[in-house]
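Note: hydrogens, waters and symmetry copies are ignored here, and every other heavy atom, side chains too, is used. Small disclaimer: the values here were computed from a predicted structure and weren't measured.
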Amino acid sequence: MLTSSWLVSVLAVVLALILGGVLIAAADTAVQAAAGYFFSRPGDLLSAAWTAVSEAYAALFAGAVYDPRAEELSRAVRPFTETLTVATPLILAGLGLGIGFRAGLFNIGAQGQIILGGIFAGYIGFTFDLPPVLHLLLCVIGAALGGALWAGIAGVLKARTGAHEVIVTIMLNNIAVYLVAYLLSLNAFQRPGSNNPVSPPIPDTAVYPLLLGSGFRLHAGFLVAIAAAVFAWWLMERSTIGFRFRAVGSNPHAARTAGISVNAAYVWVMLTAGAFAGLAGSAQVLGTERVLTAGVAASYGFDAITVALLGRSKPLGTVLAGILFGALRAGGVVMQARTGTPIDIVLVVQSLIVLFIAAPPLVRSVFRLPSPDTPRAPKPVVPVTAKEVTA
């Protein structure tokens, strides 16, 4: 999956959208009615299907990128800011997962690491009274530490006992879900005067500032995500520790022979991945929601797996894939409201992307692409005459 080409990844998205269009047409009542007399008037079915699919995807675009119906420019571009807002935790968690994938660790514990990052960021936010910049900085550092410590448990168990990271991180996800639910029942985390599992609001000194004013939800957490992507690129492509991570991921036996401590690398990989996922939790608690709830992670931790795979675990690809999935999530709500198309179609499209990313030969066969293992034909050798040599 991680060695497939960019073309295969793009075509996987295209193929998923095509099949999603088929499902949209099948779920439309007008298409179902026209299908009853298809053999007498086939054009009606094709017209109804085209109308259903085009209107649904147009609404998806209007809810994710640009709304041409809006009277003001600020309202027209607001959907794209919503896409970036939703994409922020996906990018941060996807960067951490991508580092793990390139190091040979299939870390699927971003869900729990986001929760722990949110817990640490939220507690520091609503408990302490500090100056604005210092307060926000400590919350962000706390979020990174929370995610790193939670992922570090899986890294230590992997290094010391050989426990598989998939099993351990799945268990840690469940523990984190019950942990945040328990903490929100305590007086230290529960909002005063309320029995609901919700924390006190994060004060203004500890929240990410809004980038475009009060009319938009886009906050500085998106800038943190971009900075994290740049750091992830430098870490994996230019630093010594990133070289060790990639060496362990390529061949742990050869890395050990070369003097690299594979067990130490496993621990550091998980700590790094958890720190990125913890920052995703800070984006939710300190930016989008500004409060700690039991659903702080939503499904971002699991969606980030697809984001990392679609982005081929590279920082730039992860950023673009995160924006794509943010667009699907933000636009899906508008698509359902305007056309009545079930929002579950968006989940189906995401699942199809996972399926096609996991099966590159299937995508190549659909689009008639040559296999990368197929040897290229040698270039014909053109004989050179004595006259040309002399010239």
Side-chain angles (χ1 to χ4, degrees), residues 1-10 12 89-111 113-114 144 147-148 150-152 154-156 158-159 164-166 168-169 225-280 300-322 324-325 353-354 357-360 372:
M1 291 187 288
L2 301 181
T3 58
S4 61
S5 65
W6 284 105
L7 179 60
V8 172
S9 299
V10 172
L90 291 173
I91 293 171
L92 287 167
L95 290 171
L97 293 177
I99 291 175
F101 294 162
R102 295 182 69 183
L105 294 178
F106 199 74
N107 167 31
I108 59 173
Q111 191 77 2
Q113 294 150 26
I114 292 174
W150 203 247
V156 171
K158 172 76 172 182
H164 202 286
E165 67 277 3
V166 171
V168 176
T169 50
I226 298 302
V230 175
F231 174 75
W233 172 83
W234 174 85
L235 177 69
M236 298 301 293
E237 305 296 339
R238 293 294 183 267
S239 70
T240 303
I241 190 171
F243 172 78
R244 293 175 181 173
F245 289 173
R246 290 185 285 114
V248 171
S250 299
N251 191 324
H253 302 291
R256 186 178 289 108
T257 303
I260 298 175
S261 176
V262 175
N263 289 337
Y266 286 153
V267 175
W268 282 107
V269 166
M270 293 302 296
L271 289 173
T272 306
F276 279 100
L279 290 176
Y300 288 115
F302 298 114
D303 292 342
I305 299 175
T306 310
V307 168
L309 293 177
L310 181 59
R312 299 173 68 238
S313 298
K314 300 295 181 64
L316 177 59
T318 301
V319 171
L320 296 178
L324 171 63
F325 272 68
I353 292 174
V354 177
I357 288 295

Which heavy atom in [X] sits nearest to a heavy atom in [Y], and how many Å separate them?
X: Ala321; Y: Gly311; result: CB-N, 4.0 Å
X: Ala228; Y: Leu92; result: CB-CD2, 3.7 Å
X: Ala144; Y: Leu279; result: CB-CD2, 4.1 Å
X: Gly94; Y: Ala308; result: O-CB, 3.6 Å
X: Ala93; Y: Ala280; result: N-CB, 4.0 Å

Measuring from atom [atom1] of [X] to atom [atom2] of [Y], what distance do you get when rounded to the nearest 0.5 angstrom?
X: Ile226; Y: Ile91; atom1: CD1; atom2: CD1; answer: 5.5 Å
X: Phe325; Y: Leu90; atom1: CZ; atom2: CG; answer: 8.5 Å
X: Phe276; Y: Leu95; atom1: CZ; atom2: CG; answer: 6.0 Å
X: Ile305; Y: Phe106; atom1: CD1; atom2: CZ; answer: 5.5 Å
X: Thr169; Y: Leu97; atom1: OG1; atom2: CG; answer: 9.5 Å
X: Phe302; Y: Ile114; atom1: CZ; atom2: CD1; answer: 9.5 Å

Atom pairs and distances, side-chain donor-acceptor, residues 261-272, under 3.5 Å, sequence neighbours left out:
unit_1: Ser261; atom_1: OG; unit_2: Ala264; atom_2: N; d: 3.4
unit_1: Thr272; atom_1: OG1; unit_2: Trp268; atom_2: O; d: 2.8

Can Ile357 and Ser9 be said to form a side-chain contact (heavy atoms from CB on, under 4.5 Å), step by step?
CA-CA 6 Å; Ile357 288 295; Ser9 299; 4.0 Å; yes
Go through the structure and list residues passing side-chain hydrogen bond (donor to acceptor under 3.5 Å, both in side chains) with Asp303, not counting sequence neighbours.
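In terms of side-chain hydrogen bond (donor to acceptor under 3.5 Å, both in side chains), with neighbours along the sequence ignored, Asp303 is linked to Ser299, Arg329.
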Side chains of Leu310 and Leu324 in contact at under 4.5 Å (non-hydrogen atoms)
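They are in side-chain contact.
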Side chain of Ser250, backbone of Ala247: donor and acceptor closer than 3.5 Å?
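No, Ser250 side chain to Ala247 backbone: no donor-acceptor pair under 3.5 Å.
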With a 3.5 Å distance limit and no angle check, can you tell me whether Gln113 reaches the backbone of Gly147 through a side-chain donor-acceptor pair?
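Here the side-chain-to-backbone pair does not exist.
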Test: salt bridge (Lys or Arg N to Asp or Glu O under 4.0 Å). Region: residues 263-274. Which pairs qualify, not counting sequence neighbours?
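Of all non-adjacent pairs touching residues 263-274, none passes salt bridge (Lys or Arg N to Asp or Glu O under 4.0 Å).
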Under the salt bridge (Lys or Arg N to Asp or Glu O under 4.0 Å) rule, what pairs show up with a residue in residues 246-259, not counting sequence neighbours?
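Those involving residues 246-259 do not exist here.
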For Lys158, give me all partners under salt bridge (Lys or Arg N to Asp or Glu O under 4.0 Å), at least two apart in sequence or on another chain.
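Lys158 satisfies salt bridge (Lys or Arg N to Asp or Glu O under 4.0 Å) with Glu165 only.
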After noting the C-alpha distance and the side-chain angles of Thr306 and Ile353, does the key distance pass the side-chain contact (heavy atoms from CB on, under 4.5 Å) rule?
CA-CA 8 Å; Thr306 310; Ile353 292 174; 4.3 Å; yes
Output a table of donor-acceptor pairs, distance under 3.5 Å, between side-chain atoms of residues 230-237 and any protein atom two or more places apart or on a different chain; print 'none' if there are none.
unit_1: Glu237; atom_1: OE2; unit_2: Arg102; atom_2: NH1; d: 3.1
unit_1: Glu237; atom_1: OE2; unit_2: Arg102; atom_2: NH2; d: 2.9

